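This is a predicted model, so every value here is computed, not measured. Lettering of chains follows the sequences in order, A, B, ..., and the numbering in each one begins at 1.
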Amino acid sequence: MMEGASGGNDVELVCKTLQFEHKLFYFDLKENPRGRYLKISEKTSAARSTIIVPLNGIVWFVDIFTYYVNTDERNAFSKELNLDTKVFYFDIGENKRGRFLKISEASVGRNRSTIIVPAGSLGEEGWAAFRNILLEINDEASRLFIVPNQQHMETSEHLQGLSDNVGAGFISGHSAQSVAWSDMNLDRLVELPPQGEIGSLGLSKVIRADQKRFSLTWEATTGVIS
DNA sequence: GCGGCCA
């Protein structure tokens with residue numbers, strides 16, 4: 001209980017914020033003797049809720065957000081992401097204010113914690129902005145910890161996580177090893193460069209460029225947006 | 001000027 005629970009001694013490596021509509025999201029990449037994790041907090045007027053994502057889960061969050069950005073509302077399914085000992089649930093909801101993505105973290109012996117990310121009034125620009133922050137963090141993290149063979153080491157740890165039965169394109173756990181990640185991206189994300197590996201190269205730039213002139217069709221490159 | 005989440 002003493003160690004790792006409160007995170008009081010944890011080192012902050014990267015801190016970012018995203019303000020969207022009436023919410024403020026904090027992204028804090030932290031490190032403690034147990035490992036590295038991303039703390040994502042959502043602060044509303046009074047309330048604040050937080051989820052803790054293991055470092056190796058960021059790429060999955062990026063991928064899942066991309067899925068919801070690119071998938072038509074009618075075809076968007078709920079998703080589950082298993083990471084280490086916790087499970088993240090992704091669900092689409094809607095009310096008068098608009099659509100939102102609910103992310104719930106369930107872990108043993110702890111209360112379920114949830115954050116809600118608005119889709120935005122234009123389409124999914126809120127989710128896209130959220131995803132871009134995750135990309136930036138992943139990018140900076142890969143620069144911080146110069147892992148020699150990150151993309152060649154056994155990725156079974158990563159790939160065990162995504163047990164997902166709905167929607168097209170997601171692998172189910174134990175399929176291939178390092179091949180599956182790039183296959184999945186090439187399958188699902190048309191805008192990704194063939195190199196595949198998220199967090200390296202110019203991927204974040206490509207997507208960040210779309211942020212300001214976001215269009216509902218997303219893949220449209222006309223640039224005619226008023 | 002938001003407001004979701006149902007523990």
Query - Ring-face cation of A/Arg48 near A/Tyr26 (centre distance under 6.0 Å, axis angle within 45°) - result: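 Yes, a cation-pi geometry holds between A/Arg48 and A/Tyr26.
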Query raised in the report: Taking the six-membered ring of A/Tyr89 as reference, does the NZ or CZ atom of A/Lys79 fall below 6.0 Å from its centre and within a 45° cone about the axis?
Result: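 No, cation not above the ring by the 6.0 Å, 45° rule.
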**Report entry** Residues which pass side-chain hydrogen bond (donor to acceptor under 3.5 Å, both in side chains) with A/Glu94, listed by chain and number, not counting sequence neighbours
**Finding:**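 Applying side-chain hydrogen bond (donor to acceptor under 3.5 Å, both in side chains) to A/Glu94 gives none.
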Query raised in the report: Residues two or more places apart in sequence or in another chain: which of them pass side-chain hydrogen bond (donor to acceptor under 3.5 Å, both in side chains) with A/Thr114?
Result: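 Partners of A/Thr114 under the side-chain hydrogen bond (donor to acceptor under 3.5 Å, both in side chains) test: A/Ser104, A/Arg112.
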Query - Distance, nearest 0.5 Å, that separates CD1 of A/Ile137 from CG of A/Leu29 - result: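 Those atoms lie 6.5 Å apart.
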How close or far is atom [atom2] of [N] from atom [atom1] of [X], stated in whole angstroms?
X: A/Gln19; N: B/dC2; atom1: CD; atom2: P; result: 13 Å
X: A/Lys23; N: B/dC2; atom1: NZ; atom2: C1'; result: 10 Å
X: A/Phe100; N: B/dG4; atom1: CZ; atom2: P; result: 9 Å
X: A/Phe20; N: B/dC2; atom1: CZ; atom2: C1'; result: 13 Å

Query - Interface with DNA chain B, restricted to residues 111-120 of chain A and to heavy atoms under 4.0 Å - result: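 Here the set is A/Arg112, A/Thr114, A/Ile116, A/Pro118.
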Query raised in the report: What residues in residues 85-97 of chain A put a non-hydrogen atom under 4.0 Å from any atom of DNA chain B?
Result: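 Contacting residues: A/Asn95, A/Arg97.
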Query - Minimum-distance nucleotide to A/His22 side chain [options: B/dG4, B/dC5, B/dC2] - result: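 My answer, after comparing the listed nucleotides, is B/dC2.
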Query raised in the report: Sequence neighbours excluded, which residues qualify as ring pair (Phe, Tyr, Trp, His ring centres under 6.0 Å) partners of A/Phe61?
Result: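 A/Phe61: ring pair (Phe, Tyr, Trp, His ring centres under 6.0 Å) contacts with A/Phe88, A/Phe90.
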Requested in this report: Return each pair, listed once, that meets salt bridge (Lys or Arg N to Asp or Glu O under 4.0 Å) where at least one residue sits in residues 95-109 of chain A; pairs must be two or more places apart or across chains.
Outcome: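 Sorted pair list: A/Glu73-A/Arg99, A/Lys86-A/Glu105, A/Arg99-A/Glu124.
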Query raised in the report: Under 6.0 Å between ring centres, would you say that holds for A/Tyr68 and A/Phe130?
Result: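 When the ring centroids of A/Tyr68 and A/Phe130 are compared, they turn out to be at least 6.0 Å apart.
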